[in-house]
Amino acid sequence: MELYLDTANLEQIKEVAELGIIRGVTTNPSLLAKEDPTVDFKQRILEIHKLVGGHLSVEVISTDKEGMIREAEEIVEWFPEATIKIPMIPQGLSAVKELSKKGIPTNVTLVFSVTQALAAHHAGATYISIFLGRLDDIGYDGIGILNDVCEIWDVQNYDSLIIAASIRNPLHIIESARAGADIATVPYNVLMQSIKNPLTERGLEIFLRDYDNYLTSRQKSMLI
Ligand code: G3P
């Protein structure tokens, strides 16, 4: 399972890209709306693209098929490797069908059920984003639905790639990997939390303290 960063924040992308653990970034209109409003959409996306060098999903804001296709074609003119995020609505499925014919990769977003995932696959989606956290928020079992999707994708030998999205905690990352998701797109705070452990920090403190004590006693013994 690959890790993507779910953000439109340049500082977060810079910091995490340095660690060498992410293979892409996913954005959405809400994430972009959190950033500096004086920077225009295209400029922000191109800045992210320059930093990431891997997968970058950019979401359309039109809700009609023609508008979605127009936006998608515009985005791939900015950078040809773009993946276009399309909402899981009927007009979105028609747009995915057209974009797939044109060879433009799509990421169908706002997917909350197995049947929606199946429809996205059959329309020609390259990626399908299952929203775990938002399902959990309303009392559904996000990981359970992801498990079902991954099991069916295995049995049916489907080639569309499953993204575990709306990740809220490190357990979501572990369970997504166990389910067999191809990718987990993780917010900055959850990703940073997932690589930390108090035992690592404490262990390092002890190593450094012990080595310091060793150096002090060596210096002392050389003075004797
Ligand atoms: O990028 C889509 C998804 O990951 C959004 O997550 O936390 O807004 O439910 P969230």
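As the structure lists them, so they are numbered: ligands from 1, and atoms in each ligand from 1.
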Would you check if the distance from the ring center of His121 to the ring center of Trp153 is below 6.0 Å?
yes

Which heavy atom of Leu99 sits nearest to which heavy atom of Ala72, and what is that distance?
CD2-CB, 3.6 Å

For a quick test of reading the model, state the closest non-hydrogen atom pair linking Lys85 to Asn28 and the distance between them.
NZ-CB, 4.0 Å

To check your reading of the model: name the closest protein heavy atom to atom 6 (O) of ligand 1, its residue, and the distance in Å.
Ser166 CA, 3.3 Å

Which of the ligand 1 atoms, numbered from 1, are nearer than 4.0 Å to a heavy atom of [X]:
| X | value |
| --- | --- |
| Asn28 | 1 (O), 2 (C), 5 (C) |
| Phe131 | 2 (C), 3 (C), 5 (C) |
| Ala165 | 4 (O) |
| Arg134 | 5 (C), 8 (O), 9 (O), 10 (P) |

Donor-acceptor side-chain pairing of Thr83 and Asn107 below 3.5 angstrom
no

Counting both backbone and side chain atoms, is some N or O of [X] under 3.5 Å from an N or O of ligand 1?
| X | result |
| --- | --- |
| Lys85 | yes |
| Thr27 | no |
| Asp6 | yes |
| Arg168 | yes |

How are the rings of Tyr158 and His122 set relative to one another: parallel (under 30°), tilted (30 to 60°) or perpendicular (over 60°)?
perpendicular

How about CZ on Phe79, more than 12 heavy atoms from neighbouring residues, nucleotides or ligands closer than 6.0 Å, or not?
yes

Side chain, backbone, both or neither: the part of Glu59 lying under 4.0 Å from ligand 1 by heavy atom:
neither

Side-chain heavy atoms of Thr26 within contact of Ile183, under 4.5 Å
no

